[in-house]
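Remember, it's 1-based here, ligands and their atoms both numbered in the order they're listed.
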Amino acid sequence: MVNEISEHVEQLFPALQTQRRDLHKYAESGWLEFRTSTLVADRLEKLGYALKLGKDVIDADSRMGLPSAAVLAEHEQRALEQGAIARWMPHFSGGFTGIVATLETGRPGPVMGFRVDMDALDLNEVLDEAHRPFREGFASANNGMMHACGHDGHTTIGLGLAEVLMQARDKLCGTIKLIFQPAEEGTRGAKSMVAAGVVDDVDYFTAVHIGTGVPANHIVCGNDTFMATTKLDVRFTGVASHAGGKPEEGRNALLAAAQATLGLHAIPRHSGGSSRVNVGVLQAGTGRNVVASSAMMKVETRGSTNEVNEFIYQQALKVISGAAEMHQVKFDIKLMGAAQSSKPTAAWVNYIHQQAEKLGEFEEIIDRQEGAAGSEDATYMMERVKARGGEASYVIFGTDLSAGHHNELFDFDEKVMMQGIKTLAALALNIAEFKGEN
Ligand SMILES: O=C(O)C[C@H](NC(=O)Cc1c[nH]c2ccccc12)C(=O)O
């Protein structure tokens, strides 16, 4: 069986590469994956999957970091101009770009969930001959949006897996659920899919990522200890005045934001684990001779445990409030994203290891590795499945990268997509070999 699958996947590679490069070119950030989702839905329907889309898999009120209605509408229109399939758009319109494809085999067995994320980053791709996507004509066509974390590869792995499993459906049992999630960057989308009940029936859950510093032909069966994180937009509102003539009448929002920035980065660490604070964006003021009446910051806290992150977050609230008080300005804080920490289950890690070994594709099979200080909102799905007694893990397929994740020169070796598809297919096809042993 393994050989048959491997041959099938190898035959698929040219189409997978074309698919990935199309998604890379029309990169779409979180909640704006309109073109991407219409193409994914159309492909999955043609393969024969039962689809649940949009508001059936995304709980509206649990979405975080949703763009404005105007931005949503602008990008829906652009998606249609760039080749989105119009008949699917009503499902996704308004920022509901999630998809769940289900294959019911009709034979007794578990529900296996596989999750891939689809969103790009808010980044401008380098348009230079030295950068392969530009050189070969598939660099991002969308200013300010780039696939710089491999999610175009993840989406393609999901579609390739869908094709392979549908072709091998007579050899499957139970139910297969393929989860295509929006808005992982900024940890904004998974919570809304969990709230919609997407993984409430899942017995065995597997999320995937490529790269992250794992070498090519290496697999991490269980990425461990993702950092819990909280993402905030902070706005300070003061009073503008003549900076030369009447500075005393002003209430300086820029100074409050600057004060908060230094205070946030000075938050003491916690003995319970590692932590991070970052002010990634600070915008303030309107003119050289005006006391700034408005300032905006994009902030994140992280902790190696939920408790450490909560401590840092509470300290952050005190710092922000204190800075506002110091400069007599108002402030408001908006939650823009969040993710928990989570660990894979030992039995599922062992099974993934066993199936990876049988494939004979990997130079090294690593059971667990500490997350490279990253966060992931797939942890919401993992924790939901584990809470119901299920198994969960987060698998990383190593690959050569042209630059680090979230860098404007990011690209990866596309052959890794085949390793991802083969491995996930093996998990589904050989589930009878899963013994639940730690
Ligand atoms: O917090 C976020 O916005 C999520 C984002 N997530 C990723 O980039 C995925 C990721 C980062 N590091 C690792 C390590 C292992 C798997 C996945 C990752 C991050 O950490 O900034």
How are the rings of F331 and F236 set relative to one another: parallel (under 30°), tilted (30 to 60°) or perpendicular (over 60°)?
-> tilted
Output the list of atoms in ligand 1 that are nearer than 4.0 Å to some heavy atom of E185, sorted by atom number.
-> 3 (O), 5 (C)
N-O pairing of E28 and R78 below 4.0 Å | no
Are K231 and E300 ion-paired here, with the side-chain N under 4.0 Å from a carboxylate O?
-> yes
Between M227 and ligand 1, which residue portion shows a heavy-atom distance shorter than 4.0 Å: side chain, backbone, both, or neither?
-> neither
Numbering as shown, the atoms of ligand 1 that approach G186 to under 4.0 Å (heavy-atom distance) | 2 (C), 3 (O)
R35 bridged to D152 by N-O distance under 4.0 Å | no
Salt-bridged, D200 to R384, with N to O below 4.0 Å?
-> yes
Less than 3.5 Å between some nitrogen or oxygen of T229 and one of ligand 1, yes or no?
-> no
R132 with E414: basic N within carboxylate O range, under 4.0 Å = yes
Quick note on ligand 1: atoms under 4.0 Å from a heavy atom of F226 include exactly 15 (C), 16 (C), 17 (C)
Is the closest side-chain heavy-atom distance between Q181 and M381 below 4.5 Å?
-> yes
Ignoring hydrogens and geometry, is there a side-chain-to-backbone donor-acceptor pair from H154 to V116 under 3.5 Å?
-> no
Looking only at non-hydrogen atoms, which of E376, H405, R302 approaches atom 21 (O) of ligand 1 most closely?
-> R302
Residue K231 vicinity, atoms of ligand 1 by number, heavy atom under 4.0 Å | 1 (O), 2 (C), 3 (O)
With atom 18 (C) of ligand 1 as the reference point, say which of D377, D117, T212, V208 has the nearest heavy atom.
-> T212
Check ligand 1 against T187 and write out every atom of the ligand that is under 4.0 Å from a heavy-atom position of the residue.
-> 1 (O), 2 (C), 3 (O), 4 (C)
Hey, which atoms in ligand 1 end up nearer than 4.0 Å to a heavy atom of N223?
-> 15 (C)
Approximate separation, where rounding is to 0.5 Å, of E408 CD and S140 OG = 12.0 Å
Any N or O on E300 sitting closer than 3.5 Å to an N or O of ligand 1?
-> no
Any N or O of S375 that comes nearer than 3.5 Å to an N or O of ligand 1?
-> yes
H406, portion touching ligand 1 at heavy-atom distance under 4.0 Å | side chain
Check: N124 side chain, G144 main-chain N or O, donor-acceptor pair, under 3.5 Å = yes
Does H209 come within less than 4.0 Å of ligand 1, judged by its heavy atoms?
-> yes
Within 4.0 Å of some non-hydrogen atom of I396, the atoms of ligand 1 are 15 (C), 16 (C)
